[in-house]
There are 2 protein chains.
Amino acid sequence: MHMRMTSQREIILKELQDSHQHLTADELYERVKKFMPRISLATVYRNLETLSEAGIIGKLEISGRQKRFDADVHPHDHIFCLQCQRVDNIEFDRNLVNPAAVASDKGYRITGYRVEFKGICSSCRNNQEKKRDGDEQ
Amino acid sequence: MHMRMTSQREIILKELQDSHQHLTADELYERVKKFMPRISLATVYRNLETLSEAGIIGKLEISGRQKRFDADVHPHDHIFCLQCQRVDNIEFDRNLVNPAAVASDKGYRITGYRVEFKGICSSCRNNQEKKRDGDEQ
DNA sequence: ACCCCTTATAATAATGATTATCAATTGTAA
DNA sequence: TTACAATTGATAATCATTATTATAAGGGGT
């Protein structure tokens, strides 16, 4: 598993780290273009895949929507906003879930699990309230 | 929310129920075609969406793969096979997870959560062993 | 049975996200 | 500096899903 740290790769990784967000490939593409105007979207996809295979970043595959990538690779869970699609980390005690307790079920060998919360984020809630107030006047 | 139970709708629902599986839209399409050869794939998608909106079936959106549908709507969690993509129910005590405990986090209003296990199912494990045995001879 | 109105259908085009292809370029190592 | 493998940019292809649209049913009410 040798992988050259090319300049494209480096910039993509740095942008993701600096963002402190869970970005999609095309969001990252837009950001990275500022430094490398000739970079291709395919290169962004390819390198995000390579980096996540190498365990340098995480890949988030949340319920039926666009993949997002995460510079934070320590095991943790996420919450997403049903309205604006944003994804945030969530504090959740993963010790509460014991894979061994369900391991026998159906004969699977369990290799991992994730907990995915959904809801409405605070800024979308605020927007809704503003809109409601506006309607009422 | 009135919805006519058309014959297409009825057959799709019945096939899903009788399957006792978590089928994709195109798997269901193949099955339903045996009874309605002229049915369209779009009709299957449309009706699965309608039925799940009405709460008659469940829609499973599992980590970055094709949607699957579930005739069992009681709250429960799933496990999927990394190799063959099959999805099974999992026995998992949902009381272990307390949304209220994470609700304050980031100001989200949490409306739901799901726990998703992954692993290798027993038949894929068996196949691997068979293959390994074959290689060793 | 006939008309009206709404909803659903089949066929197919369009979309959006992602992956594959491939010729050209670059990095590295002998 | 030659030679090989990995990577890139450009773009085509793919896959799952949704949108479009003309046509066809499904129910009333008369």
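Quick caveat, the model's predicted, so the values are computed rather than measured. Numbers restart at 1 for each chain; the letters A, B, ... are given by sequence-line order, proteins then strands.
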Undergrad: For A:Lys118, does the NZ atom have more than 12 heavy-atom neighbours from other residues, nucleotides or ligands under 6.0 Å away?
TA: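 At most 12 heavy atoms, drawn from other residues, nucleotides or ligands, come within 6.0 Å of this atom.
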
Undergrad: Provide, to the nearest angstrom, the distance between the CD atom belonging to B:Glu10 and the C1' atom belonging to D:dA25.
TA: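 Roughly 15 Å, once rounded to whole Å.
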
Undergrad: Which nucleotide wins on minimum distance to the side chain of B:Tyr45, given the candidates D:dT8, D:dA16, C:dT18?
TA: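 Looking only at heavy atoms from C-beta outward on B:Tyr45, the closest nucleotide is D:dA16.
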
Undergrad: Any salt bridge between A:Arg46 and A:Glu49, counting N to O under 4.0 Å?
TA: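 A:Glu49 and A:Arg46: not salt-bridged.
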
Undergrad: Nearest to the side chain of B:Lys67, which nucleotide is it out of D:dT17, C:dT9, C:dT18?
TA: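 So the side chain of B:Lys67 is nearest to D:dT17.
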
Undergrad: For B:Tyr29, check ring-ring contact (aromatic ring centres under 6.0 Å, His included) against everything at least two apart and list the hits.
TA: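 Here no residue qualifies.
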
Undergrad: Starting at atom CD of B:Gln8, determine the distance to atom C1' of C:dT7, rounded to an integer number of angstrom.
TA: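 Rounded to the whole Å, the gap is 12 Å.
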
Undergrad: Where each residue is assigned the nucleotide of DNA chain C containing its nearest heavy atom, which of B:Thr43 and A:Gln66 is assigned the position nearer the 5′ end?
TA: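 Counting from the 5' end, the first nearest nucleotide belongs to B:Thr43.
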
Undergrad: Under 4.0 Å: is that the gap between some side-chain N or O of B:Arg65 and OP1 or OP2 of D:dC15?
TA: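 Result: no.
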
Undergrad: Would you check if the side chain of B:Arg9 reaches a backbone N or O of B:Arg4 as a donor-acceptor pair within less than 3.5 Å?
TA: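 Present.
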
Undergrad: Once rounded to the nearest 0.5 Å, what's the spacing between atom CG of A:Leu28 and atom OG of A:Ser19?
TA: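 Separation between the atoms: 7.0 Å.
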
Undergrad: If we ignore hydrogens and angles and just use 3.5 Å, is the side chain of B:Arg65 paired with the main-chain N or O of B:Ser63 as donor and acceptor?
TA: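 Present.
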
Undergrad: Among residues 12-36 of chain A, which contact DNA chain C at a heavy-atom distance under 4.0 Å?
TA: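 Those residues: none at all.
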
Undergrad: Using a cut-off of 4.0 Å between protein heavy atoms and nucleotide atoms, how would you tag nucleotides 22-30 of chain C 5' to 3' with B, S and -?
TA: -----SS--

Undergrad: Distance-only, no hydrogens or angles: does the B:Arg68 side chain make a donor-acceptor pair with backbone N or O of B:His22 under 3.5 Å?
TA: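 Judged by distance alone, yes, a pair lies under 3.5 Å.
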
Undergrad: Less than 6.0 angstrom from the centroid, inside 45 degrees of the normal: does A:Arg94 satisfy that with respect to the ring of A:Tyr113?
TA: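 So A:Arg94 does make the cation-pi contact.
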
Undergrad: Please pick, from C:dA10, D:dA10, D:dT17, the nucleotide with the shortest atom-to-atom distance to any side-chain atom of A:Ala42.
TA: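 Minimum distance to the A:Ala42 side chain belongs to D:dA10.
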
Undergrad: Can you tell me if B:Arg114 uses its side chain to pair, donor with acceptor, with the backbone of B:Glu61 under 3.5 Å?
TA: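 Indeed, once roles are kept as given, a pair shorter than 3.5 Å links the two residues.
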
Undergrad: Tell me which nucleotide among D:dT8, C:dA17, C:dA10 gets nearest to the side chain of A:Arg9.
TA: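 Shortest atom-to-atom distance from the side chain points to D:dT8.
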
Undergrad: Considering only heavy atoms and no angle criterion, is a donor-acceptor pair shorter than 3.5 Å present between the side chain of B:Ser40 and the base of C:dA11?
TA: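 By the distance-only test, yes, there is a pair.
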
